2 protein chains.
Amino acid sequence: MNSIQDNKYSQQRQAAIGAAASVFAAKGFHGASTKAIAEKLGIKQGSLYYYFKSKEEALGEVCLFGIQNYVQRMDAIANSSQPFEAKLVAVVTSHLTSYRERNEALKVYNDERLYLPKEKRTKLKELGSGYRQSLERIFEDALAAAILKPSVDCHFAAQAVIGLCNAWGDLIVRDPNIDIYEIIEKCTDLLINGFGYSEHK
Amino acid sequence: MNSIQDNKYSQQRQAAIGAAASVFAAKGFHGASTKAIAEKLGIKQGSLYYYFKSKEEALGEVCLFGIQNYVQRMDAIANSSQPFEAKLVAVVTSHLTSYRERNEALKVYNDERLYLPKEKRTKLKELGSGYRQSLERIFEDALAAAILKPSVDCHFAAQAVIGLCNAWGDLIVRDPNIDIYEIIEKCTDLLINGFGYSEHK
DNA sequence: CCTTTTTTCTATAGATCTATAGAATTCCTA
DNA sequence: TAGGAATTCTATAGATCTATAGAAAAAAGG
């Protein structure tokens with residue numbers, strides 16, 4: 001049957017995407033050779049082209065894989081009915097956890113996607129800005145509910161959360177001993193309360 | 001005279017470093033060809049080797065240039081006798097301003113330094129962690145002076161500041177219309193006060 | 001067990017890239 | 001303006017690297 005074969009094919013293809021992610025993450029898109037990717041898969045260089053039309057297509061697949069379920073999770077959080085603080089914790093948790101789970105592909109998405117041709121890049125960009133907009137909406141709702149200071153700029157806030165998470169995500173990828181949950185707690189505390197005493201405000 | 005010649009040479013060499021920075025920033029180390037760098041300088045590919053022993057040496061020089069005065073400024077701030085908040089503002093200002101001034105080289109330092117051979121990489125790493133430690137010390141002093149919440153983790157705080165600044169630095173490099181001083185204000189406000197109301201603490 | 005489909009391999013064309021060597025040119029200075 | 005130093009050029013060796021074509025091997029199915 002078709003479905004079984006497709007399934008098997010996509011399993012192997014998924015492995016190929018994983019191998020590509022690993023090499024792209026380590027060497028960058030241009031520094032990674034198709035030979036190195038094939039070797040990681042246990043096949044010869046030329047055979048890789050059974051799975052990808054080009055090296056560029058492989059990059060596209062890796063980036064897509066890297067950001068996909070990360071965006072899905074954000075949507076789920078944004079559409080849920082938790083209170084603001086819980087949502088914020090969930091966002092940070094989801095973001096950092098994504099790094100640990102599929103660190104390589106997400107790193108590739110962040111660092112190498114600009115080498116994709118314009119068309120694919122804009123497609124991925126839509127996904128990425130959907131992520132940011134969902135996050136922005138979480139802040140807007142909290143602002144409307146007077147949970148945040150009226151001076152908060154929601155666009156800035158969303159970028160700050162993403163920037164903070166990406167920065168820690170990078171450190172998490174490099175050092176597997178970092179305690180994610182400690183980071184999550186400290187990040188959310190920073191975002192809500194800052195480092196200063198209340199009296200100083 | 002030697003000094004005049006050296007001066008002229010180093011001017012030209014500085015231009016070569018700038019051209020390399022520009023191409024490395026746009027294409028990444030492996031994606032940048034020596035031909036492209038030479039073209040940007042207005043010379044032929046082979047002539048570039050009058051200034052650099054290898055492409056790798058060029059990367060090293062660019063990274064060094066990118067981080068150098070950025071570290072010097074941090075030292076000046078850390079050793080000054082300003083109050084904590086002023087220091088924090090100065091750090092964020094210095095960091096973001098560095099991005100705007102020598103954006104390309106600093107971006108290359110952040111994104112491409114891992115492709116340097118181990119020896120040079122550790123040398124640069126020392127500069128980088130010197131930066132982080134100075135920043136950490138600023139937080140430690142403020143903690144000792146009870147200006148910060150006792151729960152603040154200074155190592156985390158320093159990384160958070162750097163991460164936040166780098167994230168915004170990236171956006172600043174991409175979009176020259178961003179108002180840096182607005183970002184500086186919002187960043188420091190976030191770091192000290194967070195996004196939440198005081199009552200919620 | 002034979003046929004068909006899927007997957008991998010070998011071999012290679014064609015392009016590109018780094019680094020070097022030695023010639024040519026430009027620039028300075030006495 | 002002649003001689004020496006600094007800078008750039010040309011040409012190329014040698015090592016990649018991507019992508020393709022067609023043969024071979026492995027797997028699936030009746």
Side-chain angles (χ1 to χ4, degrees), chain A residues 1-63 108 112 114-117 120, chain B residues 1-63 108 112 114-117 120:
Chain A
M1 300 294 112
N2 244 345
S3 65
I4 291 178
Q5 287 171 354
D6 284 357
N7 196 23
K8 193 159 196 181
Y9 171 79
S10 59
Q11 269 182 30
Q12 266 306 94
R13 194 182 145 99
Q14 200 53 238
I17 292 172
S22 172
V23 180
F24 285 152
K27 310 245 186 184
F29 175 63
H30 291 108
S33 69
T34 51
K35 188 173 176 229
I37 297 171
E39 258 165 22
K40 177 143 285 203
L41 254 180
I43 61 178
K44 299 287 177 179
Q45 185 265 338
S47 309
L48 201 65
Y49 286 76
Y50 178 70
Y51 294 103
F52 304 112
K53 210 177 85 259
S54 67
K55 188 180 165 188
E56 206 172 81
E57 182 181 295
L59 177 61
E61 296 298 304
V62 169
C63 288
V108 172
E112 313 291 334
L114 78 149
Y115 301 124
L116 286 170
K120 277 188 195 167
Chain B
M1 299 297 111
N2 244 348
S3 65
I4 291 178
Q5 289 172 354
D6 282 358
N7 195 24
K8 196 158 194 182
Y9 172 79
S10 58
Q11 268 181 31
Q12 266 306 93
R13 194 180 144 98
Q14 200 54 238
I17 292 173
S22 171
V23 180
F24 285 152
K27 310 246 186 184
F29 175 63
H30 291 107
S33 69
T34 52
K35 187 171 177 232
I37 297 171
E39 258 166 23
K40 178 142 283 201
L41 253 180
I43 61 178
K44 299 287 177 180
Q45 185 265 338
S47 308
L48 199 67
Y49 286 77
Y50 179 71
Y51 294 103
F52 304 112
K53 211 176 86 257
S54 67
K55 187 180 165 187
E56 203 171 83
E57 182 181 295
L59 176 62
E61 295 299 305
V62 170
C63 288
V108 172
E112 312 291 334
L114 78 150
Y115 301 124
L116 286 170
K120 277 187 195 168

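Just so you know, these numbers come straight off a predicted model, no measurement behind them. In what follows, every chain begins at residue 1, and chains take the letters A, B, ... in the order their sequences are listed.
- Distances shown here put a side-chain N or O of B:Tyr51 below 4.0 Å from the OP1 or OP2 atom of D:dT8.
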Base contacts versus sugar-phosphate-only contacts with protein, heavy atoms under 4.0 Å: please encode nucleotides 18-25 of chain C as B, S and - from 5' to 3'. BBB-----

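- Nearest approach of B:Ala20 to B:Val62, heavy atoms of both residues: CB-CG2, 3.8 Å.
- Between the CD atom of B:Glu39 and the C1' atom of D:dC9 there is a distance of 15 Å, given to the nearest Å.
- Here the C1' atom of nucleotide D:dG22 and the OH atom of A:Tyr50 are 16 Å apart, to the nearest Å.
- Applying the ring pair (Phe, Tyr, Trp, His ring centres under 6.0 Å) rule to A:Tyr51 yields the partners A:Tyr9; only residues at least two apart in sequence or on another chain are considered.
- The aromatic rings of A:Phe29 and A:Tyr115 lie parallel to each other, their planes meeting at an angle below 30°, with 60° marking the opposite boundary.
- For A:Ile43, counting side-chain heavy atoms from C-beta on, the closest listed nucleotide (C:dT6, C:dC9, D:dC9) is C:dC9.
- Note that CD of B:Glu112 is 8.5 Å distant from NE2 of B:His30, once rounded to the nearest 0.5 Å.
- Between the CD atom of A:Gln12 and the C1' atom of D:dA27 there is a distance of 13 Å, rounded to whole Å.
- Rounded to the nearest 0.5 Å, atoms OG (A:Ser22) and CZ (A:Phe24) are 10.5 Å apart.
- With sequence neighbours left out, A:Glu61 forms a salt bridge (Lys or Arg N to Asp or Glu O under 4.0 Å) with A:Arg13.
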